[in-house]
Structure formats: structure tokens, C-alpha cells
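Whatever order the structure lists them in is the order used to number ligands and atoms, beginning at 1. Quick note: residue numbers are just sequence positions, from 1. Small disclaimer: the values here were computed from a predicted structure and weren't measured.
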Amino acid sequence: VAVVGATGAVGEAMIAELERSTLPIAELVPMASARSAGKTVAFRGAEVPVVEATPEAFSGIDLALFSAGGQTSRALAPEAVRRGAVVVDNSSAFRLEDRVPLVVPEVNAEALTDHRGLIANPNCSTIQMVVALAPLRERYGLRRIVVSTYQAVSGAGRRAVDALRFESGRWLEGEGFVPEVLPVATLPVKYPIADNVIPQIDRFEPNGFTFEQMKMVRETQKIFGDPALEVAATCVRVPVTVGHSEAVTVELEEAPASMEDVIEALRAAPGVVVWDDPTAQRYPTPMLVRGERDVYVGRIRRDLFRPNVVHLWVVADNLVKGAAWNAVQIAETLEEKGLLRVPATEGDR
Ligand code: NAP
Ligand code: 12T
């Protein structure tokens, strides 16, 4: 099993998930850029050397989990598949391609059936939202989703986590600092994240939405198989290290009989945990769900004016269910279904 991007924030979480996975792993091959030559990662009590990700490095690999950015995925994922590795790709490079399944196992595991060697892991914010909405879609039907996100800096990689720590330290000491990383590492304009919130995640598209917001629209439509589903997203970076939160307003086809009915649907759903008790001030927060695989839902309310509209607060660990666990869960699902192999027809892709 190869992990590409093994030295990164997501790669580290992937290795932790592989350590507790039921997959039969004969050997872990951590891969990264040439910059990481000489580094090791810990896996099941051993120090494993990191190797440079090159096309040849995938010879003999059965499963490759990619989390090293879109460019690396575009360059190397097809090379890995050609050499017989099933690829689960965490970047946005292939998510919307027709013949690439985009999978959240609790929601659309059936999309794995006719994979061609490459499977895409959705965006972190999309994953936790569709896990929470799938049971409501099933029971009442979905008409429209309006979501505002409160996203942790770890979603933007190690440098962003370091930036929040550094800036917060300086700020609390009453010292100045120059912001260098957020909102987008590769763009020139920078804003502080300490003591701040930033209404931009990823680059802007010509329509005025950011790419992160458009991922939530397009990926949700693809996962639910509903290209007409209306989704409006506002994605915001907040000074939290781990854990994305979302305020979700959902317009249903049918009005739920009661909020107890909604809670029952959510409680019965795989991968969902309901923490909702106003009398006890109980609801999920990022710090409370850190390290957990499930998606947590609270603050469940019926709209004051429209009986078919429900409001929810949805929190998950963006590095775990939002990235590493969902990818490993896809691999485990493939294994269970006997699909952890590149089909012979791959040649006519
Ligand atoms: P990160 O902490 O900055 O780590 C980046 C990793 O990519 C490092 O291991 C780095 O290796 C490696 N890398 C960079 N360039 C490479 C190259 N040319 N060849 C091989 N490896 C290379 O970033 P991260 O947060 O882990 O995110 C990594 C990627 O995962 C993102 O770019 C994105 O595509 C994806 N992601 C997806 C989600 C999601 O929503 N599901 C969330 C976050 C991230 P070195 O240490 O050698 O530089
Ligand atoms: N830029 O879709 O910055 O792979 O939080 C996920 C998270 C890209 C992605 C982020 C990003 C992805 C972020």
C-alpha cells in the first residue's frame, strides 16, 4: 500500500487510519517529493523510509492513496493505475470526471461497482454534509441546500496549521506579524487567521463563488446523482486547527411529521451521531469530535416559517472523515466487494 503525500497533514492521518484498518497490508510504502528524502514515518512499530513518488515507484503496489495535491495526482495517478494499483485520490483533479466514482461509502458505495482503477475522495466539507443529509434525502426528499462552513486550517495543510500557531502566539503577546499562508498558499494576497475569519477558501471562479464553494455544489450533485439539486455554499476559514463545522439549512420535498422523526432518521443513519439536547446545552463542537470517524449533528430545528425546512449543525474531523478515514473506508469497501483490483478493460479509458 502506498501513501503519496505521506509527510503531509492528510498523509499522516491516512497512515494512522491504515494502522487500525482491517486491510491486509503486507508493506506500507510512504511516498512524497524529493524534499523528503531521508525522512521516515512510523507504522506499526517500525520506522519506514519515505521514497520519492515516481512512476516506477508504483511497481508492485496494489493500493495507492494520493494526497499530495492535484498536480501530483494528475502526473502520477494514471501511472500508478497503469502499473496495476487501485488509486483512491484525495485531490480535486478527477472528482468530476464521468468514469471516476466519487464516493462516500455510507451514501453511494454502489458507485464503486464499475470503477476503472481510479476512485475520487470528495472534498472534506462535502463529505460531512452528504453523510448528514443522506438519511433526510431518503426519508423526505431534498429540494435545496444552503450551507455556511466554519473550516479548520488543517484543511489547507501543514503550513496553514503552523501559521495559525505562530500568528496566535505573536498576537497574544501583543506583537506584530506578517501573514504568509492564508487564504491560499499559492496566491499573493494574504490575511491573518489569528483573531480573524476569512471568507475565501481556494481560488475564485468567474461566477463570484470560490472553487471550494463550487466543489460543494458539483460534488453534492454527483454523489446524490441529482444534477438539478440546488446548493448554495459560503465557505469560511476560522482559527480552529482541526474540525470543520457547518450550518446547514435544508428544504425538503415533504415536511417531516416532527423533529423527533428527523432525529430518528439521523440516529439510524450509518456514520451519523446525534448530539442534540438544548436543556443540557449539548451539541457537537470541533474540539469535542477531534479524532472521531463519525459525523456529528446537533442544533436540529424546524424553520419558524416553513414546515418543510430544517436547520442543522454538522461537525466532523476534516482530516479523518473529511479525508483519511473516508479514503481508507473506500479501500475497505472495495476489498469487501472483491473490487480491489484494476479491471482488465482499463486500457480503453
Ligand atoms: P500538506 O500538509 O501541505 O502536505 C502535502 C504533501 O504532498 C506532502 O507530503 C508533500 O511532500 C507532498 N507533495 C507535494 N508535492 C509533491 C510532489 N511533487 N510529489 C510528491 N509529493 C508531493 O497538505 P495536505 O493538507 O496533507 O493536503 C495534501 C492534498 O490533499 C491537497 O493538496 C489536496 O489535494 C488534498 N486534500 C484533500 C482534502 C479533502 O477535502 N478530502 C482535504 C485536504 C487536502 P513533501 O513533504 O516532500 O513536500
Ligand atoms: N484547498 O478539495 O484549503 O482537495 O481547506 C480541500 C480543502 C482543497 C480539496 C482547503 C483545499 C481541498 C482545501
Main chain of Val272, side chain of Asp294: is a donor-acceptor contact present, judged purely on distance under 3.5 Å?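 No, because the side chain of Asp294 does not come within donor-acceptor range (under 3.5 Å) of the backbone of Val272.
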Give a yes or no on whether the backbone of Pro284 and the side-chain of Trp313 come within a donor-acceptor separation of less than 3.5 Å. yes
Please identify which atoms of ligand 1 are closer than 4.0 Å to at least one heavy atom of [X].
X	value
Ala6	9 (O)
Gly8	1 (P), 2 (O), 4 (O), 8 (C), 9 (O), 26 (O)
Ser91	34 (O)
Arg35	14 (C), 15 (N), 48 (O)
Ser36	45 (P), 46 (O), 47 (O)
Gly155	43 (C)
Thr72	15 (N), 16 (C), 17 (C), 18 (N), 19 (N), 20 (C)
Asn123	40 (O)

Any N or O on [X] sitting closer than 3.5 Å to an N or O of ligand 1?
X	result
Gly322	yes
Ala156	no
Ile127	no
Ala53	no
Cys124	yes
Pro122	yes

In this structure, are over 12 heavy atoms from other groups packed under 6.0 Å from Tyr283 atom OH?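 Open: at most 12 neighbouring heavy atoms sit under 6.0 Å from OH of Tyr283.
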Neighbour count above 12 (heavy atom, 6.0 Å) for Met259 CE: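 Buried by this count: over 12 neighbours within 6.0 Å.
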Fit a plane to each ring of Phe177 and Phe166, take the angle between them on a 0 to 90° scale, and name the class: parallel (under 30°), tilted (30 to 60°) or perpendicular (over 60°). perpendicular
Measuring only between side-chain heavy atoms, which start at C-beta, is [X] closer than 4.5 Å to [Y]?
X	Y	answer
His244	Thr149	no
Trp171	Pro192	no
Met14	Asn90	yes
Glu332	Thr22	yes
Val3	Val41	no

With no hydrogens and no angle check, do the side chains of [X] and [Y] hold a donor and an acceptor under 3.5 Å apart?
X	Y	answer
Thr186	Arg203	no
Gln329	Glu106	yes
Asn123	Glu212	yes

Closest to atom 7 (O) of ligand 1 (heavy atoms only, candidates Ser73, Ala68, Ser92, Pro30) is Ala68
Is Val4 touching ligand 1 with its side chain, its backbone, both, or neither, if touching means heavy atoms under 4.0 Å apart?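 None of Val4 does.
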Checking side-chain contact (heavy atoms from CB on, under 4.5 Å) between Leu65 and each of Val4, Val86, Leu18, which is the one that passes? Leu18
Protein heavy atom at shortest distance from [atom]:
atom	value
atom 10 (C) of ligand 1	Thr7 OG1, 3.8 Å
atom 41 (N) of ligand 1	Asn90 OD1, 2.7 Å
atom 32 (O) of ligand 1	Gly69 CA, 3.1 Å
atom 23 (O) of ligand 1	Gly157 CA, 3.7 Å

Quick one: ligand 2 N/O to protein N/O pairs below 3.5 Å?
| residue | atom | partner | partner atom | Å |
| --- | --- | --- | --- | --- |
| ligand 2 | 2 (O) | Arg95 | NH1 | 2.7 |
| ligand 2 | 2 (O) | Arg95 | NH2 | 3.2 |
| ligand 2 | 2 (O) | Asn123 | ND2 | 3.1 |
| ligand 2 | 2 (O) | Lys215 | NZ | 2.9 |
| ligand 2 | 3 (O) | Arg237 | NH2 | 2.7 |
| ligand 2 | 4 (O) | Arg95 | NH2 | 3.1 |
| ligand 2 | 5 (O) | Gly155 | O | 3.3 |
| ligand 2 | 5 (O) | Arg237 | NH1 | 3.0 |
| ligand 2 | 5 (O) | Arg237 | NH2 | 3.1 |

Apply the test side-chain hydrogen bond (donor to acceptor under 3.5 Å, both in side chains) to residues Arg158 and Thr7: give CA-CA distance (whole Å), side-chain angles for both, the deciding distance (0.1 Å), then the verdict. CA-CA 9 Å; Arg158 275 197 197 288; Thr7 55; over 6 Å; no
